[in-house]
Number of protein chains: 2
Amino acid sequence: MATLPSWNDTAAKQAITDFVARVTREGSADYVPLNERIAVFDNDGTLWCEMPIPVQAFFADDRLRALAPQHPEWQTTEPFKSKLAGDMKGVMASGMKGIAELMSATHAGMTTVEFGQIVRDWLATARHPKLGRPYTEAVYQPMLELLDYLRANEFTTFIVSGGGVEFMRVFAEEVYGVPPHQVIGSTIKTHFEMRGETPVLVRDPALDFFDDKAGKPVSINKYIGRRPIACFGNSDGDREMLMWTTLGRSDGRPSFGLIVHHTDGEREFAYDRQHVLSGQLDKGLDEAPRYGWVLVDMKTDWKTVFAER
Amino acid sequence: MATLPSWNDTAAKQAITDFVARVTREGSADYVPLNERIAVFDNDGTLWCEMPIPVQAFFADDRLRALAPQHPEWQTTEPFKSKLAGDMKGVMASGMKGIAELMSATHAGMTTVEFGQIVRDWLATARHPKLGRPYTEAVYQPMLELLDYLRANEFTTFIVSGGGVEFMRVFAEEVYGVPPHQVIGSTIKTHFEMRGETPVLVRDPALDFFDDKAGKPVSINKYIGRRPIACFGNSDGDREMLMWTTLGRSDGRPSFGLIVHHTDGEREFAYDRQHVLSGQLDKGLDEAPRYGWVLVDMKTDWKTVFAER
């Protein structure tokens with residue numbers, strides 16, 4: 001099979017294959033040993049669709065509605081009242097404290113095993129409102145091929161996402177071929193306890209780490225412990241990890257940065273600078289040429305966006 | 001070559017090889033698929049010598065002495081004054097706050113790259129005071145063989161230690177064959193910053209996570225995202241991760257727990273219940289028979305402790 005079949009033969013694809021050829025050519029000065037072939041991928045908007053809101057926000061909405069009958073007090077207390085009424089302005093009025101309360105109500109209080117099952121059950125039936133397919137099929141075919149292509153060239157692929165790590169791990173191995181220990185994301189505080197002779201880990205209602213922006217290189221260092229040589233993102237949330245991967249390397253390794261630019265309003269969604277709630281790409285559009293990051297124009301660079309069903 | 005050549009043919013070795021045979025026998029009910037063959041190892045006292053004090057404490061001592069000429073104020077302020085005078089009672093009098101100050105003075109304030117180099121340089125020249133060899137050669141030969149044996153049976157091996165993750169990653173790949181992203185440990189807070197066009201991560205003087213006791217299953221969940229089927233420790237600091245690995249599994253997977261009991265005062269050090277500062281094994285001695293954890297008697301189960309030099 002041809003390399004990266006869902007990519008058109010444009011400069012973006014050429015840049016990818018040139019980089020891989022360069023770091024895998026034994027004996028060349030740019031050769032990178034296998035254990036240093038680390039590639040990091042953002043998830044929302046890079047590997048799967050994040051519009052009109054990130055998938056995990058859909059999950060939180062559905063979960064809130066499912067739990068509402070057990071919480072009559074939510075009908076009269078903020079931010080639950082506004083959220084259940086679909087009044088985002090009302091939710092926003094409750095600020096970060098309100099957002100944290102919504103996250104805690106939907107993501108905490110259960111064991112890690114229970115949470116995994118809740119996510120698994122939800123993914124099995126939920127459908128993307130515009131695309132009409134399961135979220136796990138709202139993944140970008142060209143990026144799946146890119147993951148495979150890098151692994152075929154003995155890269156180790158990691159996800160580094162602002163999304164919840166225990167949310168992503170439910171599907172990342174099956175959908176992306178990325179095992180749980182190579183999925184890095186935001187974390188909730190968790191504690192260990194014995195229930196009789198059975199140990200459990202309980203998800204507590206408190207954020208442990210928000211894995212976005214300058215948090216991404218921090219978590220790359222904490223979890224991977226080695227500087228990636230390739231980084232793939234789509235928003236300014238990925239800016240610092242693109243910088244960490246590609247700028248001022250004291251080890252002299254070649255590196256590669258790529259930004260997926262959402263230009264295809266017909267096959268997917270078109271958004272960048274003006275989209276402030278999530279997935280905003282503003283600084284990145286200006287910095288890509290300056291730092292040599294490849295800008296993928298989804299409309300012209302991708303033959304296919306989503307796999308046929 | 002024979003399996004586990006530095007292990008005597010006793011019950012401990014038999015238990016290990018029986019377990020591995022059991023989970024790797026295709027078609028059997030106990031067969032465990034490759035991606036679930038996760039084995040976790042404590043480091044201090046399990047993979048390398050932790051007596052008379054843990055290696056990282058020797059590092060902190062040496063680093064404090066190296067930095068002292070630049071800090072004349074340490075001669076008159078606690079806990080530095082007591083520490084430099086070798087007065088542990090004086091250090092202890094400053095409590096957890098004092099310990100934190102010593103850790104910060106020796107482990108924080110530099111970039112992650114600089115810290116790695118400091119550790120590398122130290123390991124290159126430092127020698128264990130009793131064993132007279134580099135710390136990276138004060139590793140247990142039977143455990144190195146066990147790591148290799150598990151990997152040959154397609155286990156993925158992780159270190160889960162109370163030690164500093166960036167300290168261990170300097171040598172873990174070369175010495176244990178465990179790559180940086182499979183080394184889990186205590187972490188210090190770190191922040192990202194740009195110095196001109198060069199991104200750096202700076203180690204801040206604050207603990208991020210102490211990876212010991214009930215913290216171990218928490219970090220296993222956070223970093224690995226999957227329950228191990230085999231766990232190797234030597235102290236009560238490993239108790240909760242042994243429990244998490246072996247007790248009340250809802251997935252029905254077979255599991256294995258092992259505790260290295262330091263019984264050999266001649267070839268190494270003999271200590272257990274009474275040794276309270278680090279490496280105390282008290283509850284574990286009582287619980288091992290109850291929970292079916294294998295107790296390794298170093299004196300009789302190990303043919304060799306350290307590799308010949």
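Throughout, a chain's letter reflects where its sequence line sits, starting with A, and its residues are numbered from 1. It should be emphasised that the depicted structure is a prediction, and the values quoted were computed from it without experimental measurement.
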* Asked: Side chains of A/P199 and B/M241: does their closest heavy-atom pair fall under 4.5 Å?
  -> no
* Asked: If you tally heavy-atom pairs under 4.5 Å against chain B, which of A/E166, A/K222, A/K216, A/K189 wins?
  -> A/K222
* **Exercise: identify the closest heavy-atom pair between A/F192 and B/E240** => CE2-CG, 3.4 Å
* Structure fact -> Most heavy-atom pairs under 4.5 Å with chain A, out of B/T187, B/N221, B/N35, B/V165, belong to B/N221
* Contact winner vs chain B - A/G196, A/G116, A/P180, heavy-atom pairs under 4.5 Å -> A/P180
* Structure fact -> Of A/P217, A/G248, A/A214, the largest count of non-hydrogen pairs under 4.5 angstrom with chain B goes to A/P217
* **Contacting region of A/R195 [heavy-atom separation from chain B under 4.5 Å]** => neither
* **Nearest-0.5 Å distance that lies between atom CZ in B/R227 and atom OG1 in A/T112** => 8.5 Å
* Asked: Which one, A/L247, A/I38, A/D208, leads in non-hydrogen pairs under 4.5 Å with chain B?
  -> A/L247
* Closest-packed option against chain B by number of heavy-atom pairs under 4.5 Å, given A/V218, A/T198, A/V200 -> A/V218
* Report yes if the side chains of B/M194 and A/W244 come closer than 4.5 Å at any heavy-atom pair, otherwise no. => no
* Parallel, tilted or perpendicular: which fits the ring planes of A/F158 and B/H181, with parallel below 30° and perpendicular above 60°? -> perpendicular
* **Contacting moiety of A/R203, where chain B heavy atoms sit under 4.5 Å** => neither
* Structure fact -> Shortest non-hydrogen pair, B/R169 vs A/Y223, comes out as NH2-O, 3.4 Å
* To do: Check each atom of A/E193 against the heavy atoms of chain B and say whether the ones under 4.5 Å are side chain, backbone, both or neither.
  => neither
* Which bit of A/F209 is near chain B, if near means a heavy-atom gap under 4.5 Å: side chain, backbone, both or neither? -> neither
